[in-house]
Amino acid sequence: MLKKTVIVRPELCVGCMQCMIRCAEAHSHTKALASAIREDILAKPRIHIGVGPQNKPFPNKCRHCEPAPCQEACMPAAIRSDIAEGLKIVDPARCIGCGMCAMACPYYVIRFYRDKNAPERPGVAVKCDGCHDRVAAGDVPACVEACKTGALTFEDVNLYLKEGTNRLAHAAYGVRS
Amino acid sequence: MRYVVVGLHAAGRRACAFLRRADPAAEIVGVDPAPLPVYSRPLISYALAGEMPPEAMTVADDAFFQSLGVTLARERAVALDVGRGRVGLASGREIAFDRLLLACGAGPRPAGVEGPLCHEVCFFRGRTDLARIMDRVQPGGVAAVLGGGLVGFKLTMGLLARGMSVHLIVASPRPLALNVDEYVGDWVGRRLAEAPGVTLHTSTSVHEVEAGVARPLGLLLNTGERLEVDLAAAGKGVVPRIQWLADSGLDLDQGVLADGYLRTADERIYAAGDVAQVPDMVHGDARINAVWPVAVEQGRVAALNMAGVRAAYPGTLAQNAIPVFGSRLISVGAVNPAFTAGAESVEADGPRGSYLKLVFRDHRLIGAVGLDAPPRLGELAFAIRRGLVRRDIPDWWLHNPKNAAPLAAPGGALTGNARLG
């Protein structure tokens with residue numbers, strides 16, 4: 001069970017795409033933007049700013065569902081939940097790029113690109129890995145670090161749910177949180 | 001409580017995991033004659049093409065079942081006594097059950113050919129079939145593939161990668177006729193016709209297999225033509241393994257009939273995977289969609305229901321994703337022209353060279369097919385499950401499928417839990 005995760009508040013997003021840049025940078029080999037853009041296999045962002053209704057930006061990333069439809073559809077068991085607790089992470093070494101996961105994901109968060117960890121494949125599934133290595137080192141995910149408007153925050157799931165409960169109570173009964 | 005799971009592949013393996021999760025104290029017995037480790041059957045086509053070693057097909061080994069506390073009976077189930085609640089095994093042993101999951105899968109559909117060497121036609125269903133084909137593969141040789149469905153297509157691609165030239169013999173007017181629409185079917189047909197080493201025979205079938213002169217096999221076609229080949233392999237669909245259930249009293253049709261909770265005619269017995277014939281989300285009647293994701297999902301839903309956690313199964317949905325000549329082809333629901341005659345279809349404006357078509361019947365979304373399209377077919381499959389209609393798919397989505405926010409975004413038609421402002 002996830003304790004902390006990236007919470008998305010799309011109403012605060014201004015569509016600056018800094019999260020995409022920092023996500024790609026964090027998943028590059030050199031982990032520095034200036035050198036990352038010169039790598040043979042360019043790192044790709046795992047968060048995308050989609051264009052929503054009324055042209056409003058919508059930060060879109062993997063929800064790490066449980067049970068995850070992508071994981072159920074994955075034939076070579078390349079989408080693993082044993083790498084980091086609560087996260088569904090693609091193992092590029094096992095991914096065959098068949099597209100089954102994209103056929104199952106309701107959120108359009110899986111894309112196919114060449115990956116530095118499986119250079120021989122023309123395309124493997126690329127999606128959010130929760131920046132599990134950064135989080136294990138005590139850092140926050142790269143997209144959260146990049147977001148200056150508070151649209152992406154790294155929060156305790158239970159506290160976030162409590163915030164929703166308080167909002168509901170306020171809307172229904174006029175109770176202040 | 002003793003749960004017995006017959007068949008430990010896609011559906012059975014997933015069911016074991018969820019039975020254990022839902023009922024930590026239960027006794028779970030898995031019955032399957034196939035040797036461990038459990039492997040992913042659809043991957044045999046990737047192994048044939050040399051894209052992965054056969055051992056990488058493993059998805060569950062002995063340790064997996066041990067960690068779940070599943071007792072394994074490595075035998076074939078041969079009889080089901082519903083009244084006494086027992087499964088009979090090939091050795092004569094019987095296993096009593098409180099809840100039973102039938103996930104015994106399906107075997108290959110016979111190729112429908114005659115002749116003295118008809119038994120030489122290989123199938124392409126599991127690793128034994130893969131080994132049999134690999135024994136006969138000869139770089140520079142000639143192969144015949146019977147059947148223009150997904151399996152036949154993957155066989156063709158695999159044999160080409162192994163250096164053989166391939167005669168693809170398809171009974172329908174175009175390959176993948178059941179899986180894709182006319183546009184994609186024609187595109188695949190053209191690519192096959194242009195591909196070096198492939199000879200496409202449409203509206204053609206093989207009548208007889210006899211000994212060849214220059215090569216081991218001679219195939220007689222309905223067109224009167226005769227082909228000499230080193231290897232013949234068929235991918236003509238599957239037949240559920242229900243022969244052993246004939247006297248059980250369960251409702252059987254093509255497979256074991258199950259309801260919207262994957263329960264069979266007996267409330268203690270459930271069915272999942274390629275053996276289960278359940279209501280189809282698009283067509284309405286009970287069907288078998290023998291594909292991996294459907295089987296895995298059914299295994300989970302059946303396990304939850306067996307353990308008393310009521311979980312509705314929304315219905316089975318045809319879905320497939322395969323790489324085709326370097327392009328990614330994904331289809332969900334009904335897109336086959338025979339099923340969609342008279343239906344409204346809408347093409348999304350994807351990036352140049354991509355193709356994404358949505359099919360609506362009576363305004364309801366019933367299918368979608370994409371060729372090198374932005375990979376959002378999962379979103380459309382979800383939309384089919386939710387019963388989205390034409391007006392729910394907004395223009396901003398159709399005009400910009402590459403960058404449009406998902407339909408599940410706030411304001412989108414799939415928003416299930418709209419945020420309170």
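Order of the sequence lines sets the chain letters (A, B, ...), proteins ahead of strands, with each chain counted from 1.
Heavy atoms of Arg376(B) lying under 4.5 Å from chain A belong to its backbone as well as its side chain. Of the atoms belonging to Tyr39(B), not a single heavy atom falls under 4.5 Å from chain A. Of the atoms belonging to Ala56(B), it is backbone heavy atoms, and not side-chain ones, that fall under 4.5 Å from chain A. At a 4.5 Å heavy-atom cutoff, the contact between Cys105(A) and chain B is made by backbone atoms alone. Interface residue Cys74(A): only backbone heavy atoms are found under 4.5 Å from chain B. Contact annotation for Arg300(B): only side-chain heavy atoms (C-beta onward) come within less than 4.5 Å of a heavy atom of chain A.
In this structure, CG on Leu329(B) lies 12.0 Å from SG on Cys98(A), to the nearest 0.5 angstrom. The structure places CD1 of Ile322(B) at 11.5 Å from CE of Met103(A), a figure rounded to the nearest 0.5 Å. Summarising the geometry, atom CG belonging to Asn55(A) is positioned 9.0 Å from atom CG belonging to Asn400(B); distances are rounded to the nearest 0.5 Å. How far CE of Met57(B) is from CE of Met75(A): 11.5 Å, rounded to the nearest 0.5 Å. Separation of atoms CE (Met100(A)) and CG (Asn320(B)) is listed at 5.0 Å; rounding is to 0.5 Å.
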Worked check of salt bridge (charged side-chain N to carboxylate O under 4.0 Å, His left out) between Arg13(B) and Glu72(A): CA-CA 11 Å; Arg13(B) 174 186 65 107; Glu72(A) 291 200 335; over 6 Å; no

Verdict with supporting geometry, Tyr107(A) and Glu379(B), side-chain contact (heavy atoms from CB on, under 4.5 Å): CA-CA 6 Å; Tyr107(A) 298 115; Glu379(B) 202 179 337; over 6 Å; no

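With contacts defined as side-chain heavy-atom distances shorter than 4.5 Å, the pair Phe18(B)/Pro67(A) qualifies.
Note on Ala368(B), Gly299(B), Ala321(B): by heavy-atom pairs under 4.5 Å with chain A, the leading option is Ala321(B).
Here the side chain of Ser40(B) pairs no donor or acceptor atom with the backbone of Pro76(A) at under 3.5 angstrom. In this structure a side-chain-to-backbone donor-acceptor pair under 3.5 Å is present from Arg328(B) to Gly97(A).
The minimum heavy-atom distance between Gly99(A) and Ile330(B), with the atom names listed, is O-CD1, 3.8 Å. The heavy-atom pair separating Pro375(B) from Tyr108(A) by the smallest distance is O-CD1, 3.5 Å. Residues Glu51(B) and Arg121(A) come closest through the heavy atom pair O-NH2, 2.8 Å.
Taking a 6.0 Å sphere around CG of Asp82(A), one finds it holds more than 12 heavy atoms contributed by other residues, nucleotides or ligands. The environment of NZ in Lys162(A) is sparse: at most 12 heavy-atom neighbours from other residues, nucleotides or ligands sit within 6.0 Å.
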